[in-house]
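Reckoned from all heavy atoms, side chains included, excluding hydrogens, waters and symmetry mates. Residue numbers run from 1 in the order of the sequence given.
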Amino acid sequence: HVQLVESGGGSVQAGSSLRLSCVASGYHFPSYCIGWFRQVPGTEREGVAVIDSDGLSNYAESVKGRFTISLNNAKNTLYLQMNSLKPEDTAMYYCAATIVVVDIRRDLDESEYDYWGQGTQVTVS
């Protein structure tokens, strides 16, 4: 049973930093893609940053240069370091995973992911 649990969200001022964490349990696959998505009420969920079992990462254009995704395999924990936060980064952030390596042309597409966490809220004012 795969479980993803996010933490680290909060309310911060513009220009601040936050680090989100996602602890994965019951997840031991040789190939995978795991990452962060975000959603504002009334809008579609969008891919933010993903990383796969080959160590390749991909970012949404809106966060490139500000966000960094990383994975600590020993701790089964995914991180999202978010710097220079902007009000438009305000959203519920979700951790998601799948057991295949998703092509880079689709890896920010939420439909490619099978497992989801409950989300952690990030508010930037």
Side-chain angles (χ1 to χ4, degrees):
H1 176 66
V2 176
Q3 189 172 20
L4 304 173
V5 180
E6 305 97 331
S7 63
S11 296
V12 297
Q13 292 188 336
S16 300
S17 298
L18 278 175
R19 188 176 78 159
L20 305 183
S21 300
C22 171
V23 178
S25 59
Y27 195 81
H28 301 285
F29 301 103
S31 297
Y32 57 82
C33 195
I34 189 167
W36 295 95
F37 292 73
R38 66 186 181 187
Q39 187 172 28
V40 175
T43 68
E44 291 187 356
R45 192 152 47 186
E46 66 167 339
V48 176
V50 297
I51 189 167
D52 66 26
S53 47
D54 293 329
L56 298 177
S57 58
N58 193 21
Y59 296 87
E61 287 296 326
S62 60
V63 306
K64 280 183 179 178
R66 299 188 298 123
F67 291 10
T68 302
I69 191 170
S70 61
L71 183 60
N72 185 324
N73 285 304
K75 295 183 177 181
N76 288 337
T77 302
L78 178 74
Y79 300 101
L80 184 68
Q81 178 66 43
M82 305 186 295
N83 298 329
S84 302
L85 282 161
K86 304 176 180 180
E88 50 264 44
D89 294 318
T90 295
M92 183 71 78
Y93 283 71
Y94 298 91
C95 177
T98 189
I99 60 171
V100 295
V101 173
V102 182
D103 187 276
I104 193 171
R105 292 168 294 182
R106 301 190 308 274
D107 60 6
L108 291 173
D109 184 342
E110 63 166 326
S111 68
E112 297 288 340
Y113 293 80
D114 302 308
Y115 305 102
W116 292 84
Q118 294 300 305
T120 185
Q121 177 68 36
V122 172
T123 303
V124 185
S125 60

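- Linking Ile, Leu, Val, Met, Phe, Trp and Tyr whenever their side-chain heavy atoms come within less than 4.5 Å puts Ile34 and Tyr115 in one cluster.
- The shortest side-chain heavy-atom distance between Trp116 and Cys95 does not fall under the 4.5 Å cut-off.
- Taking the side chain as every heavy atom from C-beta outward, Leu20 and Met82 approach each other to under 4.5 Å.
- The two residues Gly35 and Ile69 make their nearest non-hydrogen contact at CA-CD1, 4.0 Å.
- Here the side chains of Asp89 and Arg38 are in contact, with some heavy-atom distance below 4.5 Å.
- Counting heavy atoms from C-beta outward, Glu110 and Tyr94 have side chains that stay 4.5 Å or more apart.
- Linking ILVMFWY residues whenever their side-chain heavy atoms come closer than 4.5 Å, directly or via other members, leaves Met92 and Val12 in distinct clusters.
- For the side-chain contact (heavy atoms from CB on, under 4.5 Å) criterion with Leu78, the lone passing option out of Val50, Asn72, Val23, Leu71 is Leu71.
- Residues Ala60 and Leu108 come closest through the heavy atom pair N-CD1, 3.8 Å.
- A pairwise comparison of heavy atoms in Thr77 and Ser21 identifies CG2-CB, 4.2 Å as the closest pair.
- Contact annotation: the side chain of Thr90 never approaches that of Val40 to less than 4.5 Å [non-hydrogen atoms, C-beta and beyond].
- For Ser57 (side chain) and Ile51 (main-chain N/O), no donor-acceptor pair under 3.5 Å exists by modelled atom type.
- Inter-residue side-chain proximity for Phe29 and Ser53 is flagged as unmet; no heavy-atom pair is nearer than 4.5 Å.
- Crowding of Glu44 atom CD: a count of heavy atoms from other residues, nucleotides or ligands under 6.0 Å not exceeding 12.
- Here the side chain of Tyr113 pairs a donor or acceptor atom with the backbone of Asp107 at under 3.5 angstrom.
- Once rounded to the nearest 0.5 Å, the distance linking OG of Ser31 with CG of Asp54 reads 7.0 Å.
- Listed for the Glu6 side chain is a donor-acceptor partner under 3.5 Å among the backbone atoms of Gln118.
- Hydrophobic clustering of Ile, Leu, Val, Met, Phe, Trp and Tyr side chains at less than 4.5 Å, counting indirect connections, unites Val48 with Val122.
- A 4.5 Å side-chain heavy-atom check between Phe67 and Leu85 finds at least one atom pair inside the cut-off.
- Residue Gln3 holds its CD atom at 10.0 Å from SG of Cys22, rounded to the nearest 0.5 Å.
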- Query: Checking side-chain contact (heavy atoms from CB on, under 4.5 Å) for the pair Tyr59/Thr68: CA distance, chi angles, key distance, verdict?
  - Reply: CA-CA 9 Å; Tyr59 296 87; Thr68 302; 3.9 Å; yes

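- Using a 4.5 Å cut-off on side-chain heavy atoms (C-beta onward), Val2 and Ile99 make no contact.
- Between the Asp103 side chain and the Arg105 main chain, a donor and an acceptor come within less than 3.5 Å of each other.
- Taken to the nearest 0.5 Å, the CZ atom of Arg19 stands 11.5 Å off from the CG atom of Asn83.
- The cationic group of Arg45 does not satisfy the cation-pi geometry with Phe37, failing either the under 6.0 Å distance to the six-membered ring centre or the 45° limit from the ring axis.
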